[in-house]
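Just so it is clear, the model here is predicted, and its values are computed rather than measured.
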Amino acid sequence: MDTAKPDTTSRILDVSERLFVEHGFEGTSLRMITQQAGVNLAAVNYHFGSKDALFEAVFLRRLAPLINACLSELDTLETQPEPSVEGLVMSFIRPCLMLSKDPSRGGAIFVRLLSRTLVENHRVLRETLSQQYSLFVERYSAAFQRVLPDLDAEERAWRMHFSFSVMFNAFAGNDVLKIFTRSQVVSARDPDMIVKHLLPYVVSALVAPARI
């Protein structure tokens, strides 16, 4: 039985995942990937066919479990008589937090890659994401409508847009916090610290009185 193939594939994916986070898609070359994965270009072409296909494979291998975890959280929330806005926001944040602490599922590296890719709206994944995320969007849109019934559809959509943008940016690993504080201890790359400050900020924005 040939066990080299899955080992090679996993090694290429793991190295690519880290390099795409560190350098972005455009800044990561196949030469960098092959050197650090200890494989030749033929191996990458054999398993994935192209850099675009490799990027998609890196992303999608982690995406489905995360989406399923969010939807499972949402299922539980919807059994409650009166789901809260905070509970709804946490149904998304909690799986991201758990994933960030689990290296076997990509850990903080993949959470940062996910956030960075969604913020940049990468051309390679635009169509794929719209397909993968359709159920996620439908379920969360309906859930936000239930917990924010006083907002019209347009206002609710804008608030969801801003809220998810803030959450994705917060997990993207861009430590802008260092610009505003001289502390060497506080880091905006600490997932628990992010959630501590992110949750009340997002919830307060979602429940603010509607504009006149």
Side-chain angles (χ1 to χ4, degrees), residues 1-71 92-93 95-138 140 161 164-178 187-191 194:
M1 180 178 178
D2 182 10
T3 58
K5 184 174 179 180
D7 288 346
T8 300
T9 303
S10 297
R11 190 161 65 251
I12 294 171
L13 288 170
D14 290 342
V15 168
S16 299
E17 185 173 65
R18 175 172 52 79
L19 291 175
F20 285 139
V21 170
E22 293 176 357
H23 304 286
F25 177 79
E26 299 298 338
T28 300
S29 68
L30 289 179
R31 179 183 294 275
M32 293 166 62
I33 293 170
T34 56
Q35 287 180 342
Q36 296 197 28
V39 300
N40 56 36
L41 184 59
V44 175
N45 290 331
Y46 174 77
H47 292 297
F48 302 101
S50 68
K51 181 181 171 183
D52 284 355
L54 173 58
F55 186 64
E56 184 173 339
V58 165
F59 195 84
L60 294 183
R61 71 168 174 163
R62 312 286 197 194
L63 183 62
L66 178 60
I67 291 178
N68 289 338
C70 290
L71 295 180
F92 170 74
I93 290 180
C96 290
L97 182 60
M98 293 174 64
L99 173 58
S100 73
K101 297 180 178 181
D102 186 354
S104 70
R105 294 191 293 138
I109 290 177
F110 177 69
V111 172
R112 288 173 59 193
L113 177 62
L114 169 66
S115 300
R116 180 171 182 168
T117 302
L118 292 176
V119 168
E120 294 176 354
N121 193 22
H122 200 281
R123 61 178 179 79
V124 175
L125 291 175
R126 193 171 297 135
E127 182 177 344
T128 302
L129 285 177
S130 65
Q131 297 170 353
Q132 293 285 331
Y133 267 76
S134 59
L135 179 58
F136 177 95
V137 171
E138 291 172 8
Y140 271 87
H161 163 68
F164 277 98
S165 295
V166 167
M167 289 189 283
F168 287 135
N169 270 291
F171 280 108
N174 301 318
D175 205 347
V176 180
L177 181 64
K178 292 189 180 301
S187 172
R189 293 187 177 183
D190 180 338
I194 290 172

**Request:** Find the distance between CZ (Phe110) and CG (Asp14) and round it off to the nearest 0.5 Å.
**Result:** 12.5 Å
**Request:** Mind listing the closest non-hydrogen atom pair of Leu66 and Cys96 along with its distance?
**Result:** CD1-N, 4.1 Å
**Check: Phe59 ring centroid to Phe25 ring centroid under 6.0 Å** = no
**Asked** Can you tell me how far the NE2 atom of His47 sits from the OG atom of Ser10, to the nearest 0.5 Å?
**Response** 9.5 Å
**Request:** Hey, could you give me the OG/CG distance between Ser100 and Leu97, rounded to the nearest 0.5 Å?
**Result:** 4.5 Å
**Item:** Straight-line distance of Tyr46 OH to Ile12 CD1, nearest 0.5 Å
**Value:** 11.5 Å
**Message:** Return the CG to NZ distance between Leu30 and Lys51, rounded to the nearest 0.5 Å.
**Reply:** 6.5 Å
**Request:** Assert yes or no for the condition that the ring centre distance of Phe164 to Phe92 is strictly below 6.0 Å.
**Result:** yes
**Candidate pair Leu54 and Ile33, rule side-chain contact (heavy atoms from CB on, under 4.5 Å), full reasoning** = CA-CA 11 Å; Leu54 173 58; Ile33 293 170; 3.7 Å; yes
**Request:** With side-chain contact (heavy atoms from CB on, under 4.5 Å) as the test, would you mind laying out the steps for Leu135 and Tyr140 before giving the verdict?
**Result:** CA-CA 8 Å; Leu135 179 58; Tyr140 271 87; over 6 Å; no
**Message:** If you count every heavy atom of other residues, nucleotides or ligands that lies below 6.0 Å from Met32 atom CE, does the total exceed 12?
**Reply:** yes
**Item:** Gap between atom CG of Leu19 and atom CZ of Phe55 - 0.5 Å precision
**Value:** 12.0 Å
**Request:** Please identify each residue that fulfils side chain to side chain donor-acceptor pair (under 3.5 Å) with Glu22, with sequence neighbours left out.
**Result:** none
**Prompt:** Can you check whether Ala64's main-chain N or O pairs, donor with acceptor, with Asn68's side chain at less than 3.5 Å?
**Reply:** yes
**Message:** Quick check against the 3.5 Å criterion: does Thr28 have a side-chain atom that pairs as donor or acceptor with the backbone of His23?
**Reply:** no
**Item:** Within residues 29-43 or reaching into it, pairs that qualify as side-chain hydrogen bond (donor to acceptor under 3.5 Å, both in side chains) - sequence neighbours excluded
**Value:** Arg18-Gln36
**Fill in**
Closest non-hydrogen atoms of Arg11 and Val39, given as atom of the first, atom of the second and distance, are NH2-CG1, 3.5 Å
